[in-house]
Amino acid sequence: MDYQSILNEIYDEIQPHLDEGKVADYIPALAKVDKSQFAMTVTLGDGSSYSVGDYEKRFSIQSISKVFTFTLALKIYSKALYHRVGVEPSGNPFNSLVQLEYEFGKPRNPFINAGALVITDSLISHYKDNYNALEAILNFIRDITDDKSICFDAEVAYSEMEHGDRNLSLAYLMKSFNNFENSVEDTVMTYFKHCAVKMNTQELSRSFLYLAFDGKDPISEKEFISQSQTRRINAVMLTCGHYDASGEFAFHVGLPAKSGVGGGIAAVVPGKMSIAVWSPALNRYGNSHAGTIALELFTQKSGVSIF
Ligand code: GLN
């Protein structure tokens, strides 16, 4: 299959859509990003990769980092993790408080903010403090990307903390239900830092390869997580990776994938490849507008599918 030609076609067809949508402005440091940017990379199991657009430009991966923290926590706690966080789609926006109150402080899944905060909290408990936990998360991302230069953008992280009242509220609410173990401020700050990790589409698609190959990196042959746990992560990405637009995304794109408000989306085609796309303007669900369209075009043109 000529993936480069497919990406080139998508690049042309996506241009009229780059003007649509809105960048995330509730994180001031992200509001400044130029919305005309677009990048896409496909990485295959043999390490070959195809890219188009601004694929060397790093952006804020935001909620895509929740896939990495979920992987780490699942590896550490295994099934016990599900006592604290569920695996059911929420049908609600990613930062909603309402359902959390009704459901006694147990978040529906690891990809809404409440669920990701519980996961970061569980990692801080395991690694004893927030510095060690952040280091472990960053090292894990460097390992799966095979790139030691991956780091987070402190300006984005601290800018989010200045407007972090809703995430702090989610964490305090969970603490009131005894589903939070560490300092709310420290944990939320650690969460903002891992959300502020910067990667480009080349790095991001490389980092998702272990999820396309049963938990084992087909290039380095390192095993990051078991086959059955990988399948579960992919299932949760398919059902919950795009919040209250997860059904629509599965309908139009049909791949396990995770979005972030920085405008990135990372997707996997099990046994074949991983794909990353970036375009900063978002649709009303907080998912990349052009990125979603580009992935739909990619599955149509390449015929790849999990169904
Ligand atoms: N850091 C962002 C937040 O907590 C992540 C949200 C997202 O990417 N959907 O609001």
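Indexing begins at 1, ligand by ligand and atom by atom, following the structure's order.
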Using the rule side chain to side chain donor-acceptor pair (under 3.5 Å), only one of R58, R142, K198 pairs with E203; which is it?
R58

Mind telling me whether F104 and F177 have parallel, tilted or perpendicular rings, with 30° and 60° as the class edges?
perpendicular

Flag side-chain contact, heavy atom, 4.5 Å: Y210 against E223:
no

Under 30°, 30 to 60°, or over 60°: which ring-plane class applies to F249 and H242, parallel, tilted or perpendicular?
parallel

Does the plane of the ring in F70 sit parallel, tilted or perpendicular to the ring in Y82? Use 30° and 60° as the thresholds.
perpendicular

For S49, enumerate each residue passing the side-chain hydrogen bond (donor to acceptor under 3.5 Å, both in side chains) test, keeping only those at least two apart in sequence or located in another chain.
none

Below 3.5 Å only, please: the N or O atoms of ligand 1 paired with protein N or O atoms, distance on each line.
from: ligand 1; atom 1: 1 (N); to: Q62; atom 2: OE1; distance (Å): 2.6
from: ligand 1; atom 1: 1 (N); to: E160; atom 2: OE1; distance (Å): 3.0
from: ligand 1; atom 1: 1 (N); to: E160; atom 2: OE2; distance (Å): 2.8
from: ligand 1; atom 1: 4 (O); to: N113; atom 2: ND2; distance (Å): 3.0
from: ligand 1; atom 1: 4 (O); to: E160; atom 2: OE2; distance (Å): 3.2
from: ligand 1; atom 1: 4 (O); to: N167; atom 2: ND2; distance (Å): 3.0
from: ligand 1; atom 1: 4 (O); to: Y191; atom 2: OH; distance (Å): 2.7
from: ligand 1; atom 1: 8 (O); to: S63; atom 2: N; distance (Å): 3.1
from: ligand 1; atom 1: 8 (O); to: S63; atom 2: OG; distance (Å): 2.6
from: ligand 1; atom 1: 8 (O); to: V261; atom 2: N; distance (Å): 2.8
from: ligand 1; atom 1: 9 (N); to: S63; atom 2: OG; distance (Å): 2.9
from: ligand 1; atom 1: 9 (N); to: Y243; atom 2: OH; distance (Å): 2.9
from: ligand 1; atom 1: 10 (O); to: Y26; atom 2: OH; distance (Å): 2.6
from: ligand 1; atom 1: 10 (O); to: N113; atom 2: ND2; distance (Å): 3.3
from: ligand 1; atom 1: 10 (O); to: E160; atom 2: OE2; distance (Å): 3.4

